[in-house]
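Read the structure below first, then the notes.
Values below: all heavy atoms of this structure, side chains included; hydrogens, waters and symmetry mates excluded. Numbers here simply count residues along the sequence, with the first being 1.
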Amino acid sequence: MSPRLKNVRAIGAEEPASFAAPDLPDSREKLLAAALHLFATHGVARVSVRDIASAAGVNSALVGYYFRGKDGLLNQLYRRHCEPMNAERLRLLESFSKGGKSPSLEKVLEAFLRPSLAITRTADGLSEFTRLRALLAVERHDVLESLVAENFDRSSTIFVNALHRCLPELSYGDVLWRFHFMLGTINYTATGPNRITVFSEGRCDPLKVEDTLKQLIVFLAAGFRAPGGGKKPARARSRT
């Protein structure tokens with residue numbers, strides 16, 4: 001346990017043995033904010049329920065009351081950050097599809113990329129949620145996989161289908177592979193921006209959303225449009 005976490009625990013060392021009802025109307029929000037900061041700083045495994053409650057200044061029994069434990073709190077944190085991003089992705093995709101026209105490949109990519117890049121940064125640099133996702137990938141990969149499936153499977157299916165409509169000459173499997181590679185590109189761009197910033201002497205800064213978006217769309221569109229490596233769908237073969 002790090003000295004910082006020891007200090008956090010000491011703040012709320014003495015707590016009542018019983019608990020009847022929430023003591024503060026905003027205690028749930030305080031717990032979410034404290035958990036996000038501690039998880040993003042120390043990792044999920046090294047942070048206890050009491051650490052979170054002490055940092056929030058509330059009774060530790062409230063974690064069970066609101067979230068049924070630390071795992072439930074983590075699930076709620078993840079969902080809280082993913083739901084607005086998914087909603088914005090779908091809103092953009094719909095806005096690019098007005099008038100019954102299918103959006104271009106570049107517009108589908110923009111609808112997917114823009115919200116994911118925006119959520120990765122704050123005015124001070126990487127967001128705490130981005131740091132939390134990076135730590136989860138290292139220490140709790142199984143938990144991260146479950147959270148990703150729960151929060152992204154539906155929206156991912158929508159976007160894979162939209163990409164396939166833009167690229168009917170490709171097999172569905174080809175599009176899935178390229179979607180997978182796109183996710184890896186986004187994740188590395190979000191969690192490891194400092195390397196290219198230093199290496200390029202500041203010419204490339206992934207924390208500049210618009211600059212990054214412009215480069216990513218060009219790069220990914222070329223990759224998606226590359227000749228397919230899998231079996232073509234029957235409809236494409238019949239047209240040929």
Evaluate side chain to side chain donor-acceptor pair (under 3.5 Å) for Asn194 paired with Thr197, printing each intermediate quantity in order.
-> CA-CA 5 Å; Asn194 292 333; Thr197 303; 5.2 Å; no

Go through the steps to decide whether Glu110 and Phe96 satisfy the test side chain to side chain contact (heavy atoms under 4.5 Å, CB included), and finish with yes or no.
-> CA-CA 10 Å; Glu110 181 181 347; Phe96 295 150; 4.0 Å; yes

Can you list the residues that meet the side chain to side chain contact (heavy atoms under 4.5 Å, CB included) rule with Ser102, with sequence neighbours excluded?
-> none

Side chain to side chain contact (heavy atoms under 4.5 Å, CB included) evaluation trace for Leu117 with Leu216 | CA-CA 11 Å; Leu117 293 178; Leu216 265 181; 4.3 Å; yes

Evaluate the side chain to side chain contact (heavy atoms under 4.5 Å, CB included) criterion for residues Phe224 and Met182: first the C-alpha distance (whole Å), next the side-chain angles of each, then the deciding distance (0.1 Å), finally the verdict.
-> CA-CA 9 Å; Phe224 271 100; Met182 176 172 67; 4.1 Å; yes

Atom CZ of Arg225 and atom CD of Glu169: how far apart are they, to the nearest 0.5 Å?
-> 9.0 Å

Side chain to side chain contact (heavy atoms under 4.5 Å, CB included) between Leu62 and Arg28, intermediate numbers included = CA-CA 8 Å; Leu62 284 171; Arg28 186 176 186 275; over 6 Å; no

Using distance only, find each side-chain donor-acceptor pair of residues 69-78 under 3.5 Å and give its atom names and separation, not counting sequence neighbours.
unit_1	atom_1	unit_2	atom_2	d
Lys70	NZ	Val44	O	2.9
Lys70	NZ	Val47	O	2.8
Asn75	ND2	Asp71	O	3.4
Gln76	OE1	Arg79	NH1	3.0
Tyr78	OH	Arg133	NE	3.3

So the ring pair (Phe, Tyr, Trp, His ring centres under 6.0 Å) pairs with at least one residue in residues 179-216 (sequence neighbours excluded) are Phe112-Phe179, Trp177-Phe181

Before giving the answer on side chain to side chain donor-acceptor pair (under 3.5 Å), spell out for Ser171 and Asp174 the whole-Å C-alpha distance, their side-chain angles and the decisive distance to 0.1 Å.
-> CA-CA 5 Å; Ser171 71; Asp174 282 334; 3.3 Å; yes

Exceeds 12 heavy-atom contacts within 6.0 angstrom, atom CZ of Arg154 | no

Where do Leu170 and Pro227 come nearest, in terms of heavy atoms and distance?
-> CD2-C, 4.4 Å

May I have the step-by-step check of side chain to side chain donor-acceptor pair (under 3.5 Å) for Ser27 and Tyr65, ending in yes or no?
-> CA-CA 11 Å; Ser27 55; Tyr65 179 86; over 6 Å; no

Hey, are the side chains of Arg89 and Phe152 touching, using non-hydrogen atoms and a 4.5 Å cut-off?
-> yes

Around atom CD of Glu94, are there more than 12 heavy atoms of other residues, nucleotides or ligands at under 6.0 Å?
-> no

Of all the heavy-atom pairs spanning Thr130 and Ser127, show the shortest one and how long it is.
-> OG1-OG, 2.8 Å

